[in-house]
Amino acid sequence: MEEDDMRQLSAEELGALCSNLQKACTKQLRSEEAALFAVLASYYDKQRTTKADCDYNALLDAINKDLSEGFKDASKAAEDANDRGAKRALVWGEKASKLLQALMMRYEKQGSALLENTNVWVCEICGFVYVGDTPPSVCPICKVPSFKIHPIQKEAV
Amino acid sequence: MHAARTISLCTKDCVCLFVCPTGATDTENGQIDFTKCLDGCRLCVDACPSHAIYLVPATYPVPQEKSEAVRKSLLALANSKADQERLARSLAEASDDPVFRQLMDAVATSNHILAEDCYREAGYILPQSEVVRSWLRSLLSEHEKDEDFPSDAVTTLLEKL
């Protein structure tokens, strides 16, 4: 990473970069290196700060902005460079973001009833989100089998 | 290159036990013993009826170059997704409604995965690559005087990768 990009990275960004590399080590069956990236990721986890006075609409606006600008800009760059790997990430990411947008809009209408007697699931590969009792047998976005789609638990507060 | 077993695919036909010349495939934890496995042998890979065994490379090629425009736009998206993760986590923490917290946890988790994927395609795909190594080195110098920073972990990573 260029030095200039570096200084601007937040704890969340560095955490995602580390967990990505941790997963890559796991895929190479390098468990020691994966554990070391996990140590680094947990350091950044502790550096996280919560954002005061944030509201639901700011989050929805940010998702909408990605859909109207971020994905379009990046897709143009990927198209120009004929970078099919980047295109793949953008196709998946845009679909997952549209589902996040729809999920948040549904919650605005339905409130707690949305998840009252059911669950919400996230695909560990592509970020696909699903509300229901059991997830689809393959992820509709990345086509991974459903054992990689995990329920998000309702925690007691 | 050593053999590894995908345990969820293994149908326990045990042909790998018959063909392995060193006994590396026969272990109590279901994984292949790398210390016994012969480099590039692949007898078990070809013999396995359930295609549950594959070879793990010891070295990897240099990843594909990324254009500056692709790199920049993916890093910008990763920034946005990481920020949304932070917003969702903050909203979850500020609420005492279990359903809302669950929903925000899901949004945060999804955004974290989306940010990871942006980094992967922005060039940070291979832990052994020079971009990752130079980033790790820059972390060490940046945190030289930071006692909480896991410098030992980063130093060990640079040695092992």
Side-chain angles (χ1 to χ4, degrees), chain A residues 1 3 5-6 10 12-13 16-17 19-21 23-25 28-29 32-33 36-37 39-40 43 48 50-51 54 56 58-59 62-63 66 70-71 73-74 77-78 80-81 83 85-86 89 92-93 96-97 100 103-104 107 112 114-116 120 122 124 126-127 129 152-157, chain B residues 4 8 56 64 66-67 69-70 73-91 93-94 96-103 105-107 109-121 124-127 131-132 135 138 148-150 153-154 156-157 160-161:
Chain A
M1 193 168 295
E3 291 288 319
D5 298 336
M6 281 288 312
S10 66
E12 284 77 12
E13 290 179 277
L17 181 49
S19 61
N20 161 45
L21 294 166
K23 287 179 182 178
C25 288
Q28 294 182 17
L29 302 182
E32 255 182 275
E33 290 89 333
L36 291 166
F37 274 117
V39 168
L40 197 52
Y43 167 80
R48 285 167 190 272
T50 48
K51 202 164 184 160
C54 56
Y56 192 80
L59 177 53
I63 296 173
D66 282 347
F71 281 106
D73 294 347
D80 291 346
D83 187 332
W92 290 6
S97 298
L100 287 172
L103 182 68
M104 289 193 61
Y107 181 80
S112 295
L114 176 67
L115 299 175
E116 205 164 25
V120 58
V122 178
E124 67 166 80
C126 69
V129 282
I152 301 292
Q153 301 302 333
K154 239 185 227 85
E155 296 166 54
V157 178
Chain B
S8 58
V56 182
Q64 298 299 307
K66 290 287 170 174
S67 85
V70 167
S73 60
L74 283 171
L75 290 179
L77 257 183
N79 172 280
S80 178
K81 291 301 172 193
D83 200 46
Q84 285 158 44
E85 181 191 356
R86 180 166 180 241
L87 275 171
R89 291 212 190 283
S90 303
L91 283 163
E93 271 175 43
D96 46 18
D97 173 1
V99 167
F100 184 70
R101 288 172 69 108
Q102 184 187 19
L103 181 79
D105 275 354
V107 174
T109 304
S110 173
N111 274 305
H112 184 89
I113 292 162
L114 291 171
E116 284 180 343
D117 204 9
C118 290
Y119 285 117
R120 206 167 302 141
E121 285 299 333
Y124 297 84
I125 187 165
L126 187 74
V131 270
V132 172
W135 168 64
S138 75
D148 296 330
F149 186 76
V154 176
T156 314
L157 269 174
K160 289 189 166 287
L161 287 173

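Because only heavy atoms are used, hydrogens play no part in the values below, and waters and symmetry mates are left out as well, while side chains stay in. Throughout, protein chains are lettered first and strands after them, A, B, ... in sequence-line order, and every chain is numbered starting at 1.
Both the backbone and the side chain of B/Leu103 come within contact range of chain A, each with at least one heavy atom under 4.5 Å from a heavy atom of that chain. With a 4.5 Å cut-off on non-hydrogen atoms, B/Val107 touches chain A through its backbone and its side chain both.
Considering every non-hydrogen atom in both B/Leu77 and A/Ala74, the closest pair reads CD1-CB, 4.2 Å.
Two residues are said to be in side-chain contact when any heavy atoms from C-beta on lie closer than 4.5 Å; B/Arg86 and A/Cys54 fail this criterion. Contact of the A/Arg48 side chain with the B/Glu85 side chain is registered, since non-hydrogen atoms from C-beta on lie closer than 4.5 Å. In this structure, B/His112 and A/Ser19 have side chains that are in contact, with non-hydrogen atoms separated by less than 4.5 Å. At least one side-chain heavy atom of A/Lys51 sits less than 4.5 Å from a side-chain heavy atom of B/Asp83. Contact check for B/Leu126 versus A/Gln28: side-chain heavy atoms found under the 4.5 Å cut-off.
The candidate from A/Ala81, A/Ala86, A/Gly93 with the greatest count of non-hydrogen atom pairs under 4.5 Å with chain B is A/Ala86. Listed options A/Leu103, A/Leu40, A/Leu114 were ranked by heavy-atom pairs under 4.5 angstrom with chain B; first place goes to A/Leu40. Annotation: maximal heavy-atom pairing with chain B below 4.5 Å, among A/Gly70, A/Ser112, A/Cys126, occurs at A/Ser112.
The line from CG of A/Leu36 to CG of B/Leu161 is 8.5 Å long, rounded to the nearest 0.5 Å.
No hydrogens or angles considered: nothing links the side chains of A/Asp80 and B/Ser67 as a donor-acceptor pair under 3.5 Å. At a cut-off of 3.5 Å, with distance as the only test, a side-chain donor of A/Asp66 or B/Gln84 sits close to an acceptor on the other residue.
The aromatic rings of A/Tyr43 and B/Phe149 stand perpendicular to each other, their planes meeting at an angle above 60°, with 30° marking the opposite boundary.
No donor-acceptor distance shorter than 3.5 angstrom exists from the side chain of A/Asp83 to the backbone of B/Val70, with no hydrogens or angles considered.
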